[in-house]
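To start, the structure under review is shown below, and the notes come after it.
Naming: A, B, ... by sequence-line order, numbering from 1 per chain.
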Number of protein chains: 2
Amino acid sequence: MPAAARLDDTLAALADPHRRRVVELLRERPRRAGELAEGAGLTAAAMSRHLRTLRRAGLVEETSPDFDARVRVYQLRPEPMVHLLRWLEETERMWSEQLSAFKAHVERAD
Amino acid sequence: MPAAARLDDTLAALADPHRRRVVELLRERPRRAGELAEGAGLTAAAMSRHLRTLRRAGLVEETSPDFDARVRVYQLRPEPMVHLLRWLEETERMWSEQLSAFKAHVERAD
DNA sequence: GATATAGTTGCCGTATGCGTTAAATATTTC
DNA sequence: GAAATATTTAACGCATACGGCAACTATATC
């Protein structure tokens, strides 16, 4: 269960608006499952499934407070997003190189 | 058809490994549809669908060279990825703020 | 110990995604 | 103008995603 951090899972997990909403709620602070369900306007069952997806993608981490073991608190795990960030930055970088190469080419042709 | 750039479409488009492969091929240079199909190990038909998806997400742009109108050349369009990048950076930013707030809290408790 | 609370899981129906093969479209080439 | 080339579209099958509701598990409360 050491969090895949594979781009596939990360992107698929983030591709759902409800799950992105969860991420947006969690980036403010950790929250309980029920809180997330309410905040996203979903039933507890539906949210539970989304949380499982996010957990499997390594995007969130689940813990229980010791004062109430029924509750599950979810917290963000940034690693997968950092990984995705890097892939995007690399793409950006190469694209702009491509651009300047093209510009140079045009200028040579002038 | 001015390219949605909505996170939903961007993420869904990038969540497929074949389509990510296309992006990786295109970040080097523009390429013809057939070249992309070969480079990703897909039939022309399958690739055509992926390209449609990428086009609808605004991630690629299609043009035809004037010397052969049968050919379609695809090129990267970074806008949607930049948008996604910003969302991820914002998430990162807020997460680290959350972290330091927590740290400060713990230190106060000491 | 009975009941309430917090969440998860099973099952179902519907919707959507992806690849394949077979046409269809458009344009070049001979 | 007939045959070849580059790519897209159509029709089909299969797998998977998502939500709803009901049942289930585990823990807390009275």
Would you call [X] and [Y] a side-chain contact if the rule is heavy atoms closer than 4.5 Å?
X	Y	value
B:E28	A:M94	yes
B:R55	B:V60	yes
B:R19	B:L14	no

Provide, to the nearest angstrom, the distance between the [atom1] atom belonging to [X] and the [atom2] atom belonging to [N].
X	N	atom1	atom2	result
A:L42	D:dC21	CG	C1'	15 Å
A:H18	D:dG19	NE2	C1'	10 Å
B:D16	D:dA15	CG	C1'	14 Å
B:D8	D:dC18	CG	P	11 Å
A:R32	D:dT27	CZ	P	16 Å
A:R31	C:dA6	CZ	P	17 Å
A:L51	C:dA6	CG	C1'	13 Å
A:M47	D:dG20	CE	P	12 Å

*CD of A:E90 to CD of A:E92: how many Å apart, nearest 0.5 Å?*
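So the CD of A:E90 and the CD of A:E92 are separated by 11.0 Å.
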*Pairs where residues 20-45 of chain A contributes a residue and the test ring-ring contact (aromatic ring centres under 6.0 Å, His included) is met, not counting sequence neighbours*: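 For residues 20-45 of chain A, and leaving out neighbouring residues, there are no ring-ring contact (aromatic ring centres under 6.0 Å, His included) pairs at all.
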*Which residue pairs pass the ring-ring contact (aromatic ring centres under 6.0 Å, His included) test when at least one of the two sits in residues 41-81 of chain A, sequence neighbours left out?*
A:H18-A:H50
*Distance-only polar pair, side chains of B:W87 and A:E24, donor-acceptor under 3.5 Å*: yes
*Say whether B:S64 and B:R72, considering side chains only, have a donor N or O and an acceptor N or O under 3.5 Å apart.*
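Checked: B:S64/B:R72 side chains show no N/O donor-acceptor pair below 3.5 Å.
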With 3.5 Å as the limit, what N/O pairs link the protein to nucleotides 11-14 of chain C?
residue : atom : partner : partner atom : Å
C:dC11  : N4   : A:R49   : NH2          : 3.0

*asked:* Protein within reach of the bases, or only the backbone? For nucleotides 21-28 of chain C, mark each nucleotide 5' to 3' as B, S or -, using heavy atoms under 4.0 Å.
replied: B----BBS
*asked:* Any carboxylate oxygen within less than 4.0 angstrom of a Lys/Arg side-chain nitrogen, looking at A:E89 and A:R93?
replied: no
*Should B:D8 and A:R20 count as an ion pair when the cut-off is N to O under 4.0 Å?*
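A salt bridge links B:D8 with A:R20.
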*asked:* If you compare every side-chain N and O of A:H50 against the phosphate oxygens of D:dA17 (OP1, OP2), does one of them come in below 4.0 Å?
replied: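 Looking at the OP1 and OP2 atoms of D:dA17, neither is under 4.0 Å from any side-chain N or O of A:H50.
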_Under 4.0 angstrom between B:Y74 side-chain N/O and D:dT8 OP1 or OP2_ =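 Affirmative; the distance criterion is met.
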*Look at all strands and tell whether B:A33 reaches a base, only sugar-phosphate, or nothing, counting heavy atoms closer than 4.0 Å.*
sugar-phosphate
*Please give the angle, rounded to 10 degrees, between the axes at the start and the end of the helix from C:dG1-D:dC30 to C:dC30-D:dG1, where five pairs define each axis.*
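Terminal axis comparison yields 10°.
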For residues 32-48 of chain B, run the donor-acceptor check on the side chains, cut-off 3.5 Å, and write out each pair with its distance to 0.1 Å, sequence neighbours left out.
residue : atom : partner : partner atom : Å
B:E35   : OE1  : B:R32   : N            : 3.2
B:E35   : OE2  : B:R29   : NH1          : 3.0
B:E35   : OE2  : B:R31   : NH1          : 3.2
B:T43   : OG1  : B:A46   : N            : 3.2

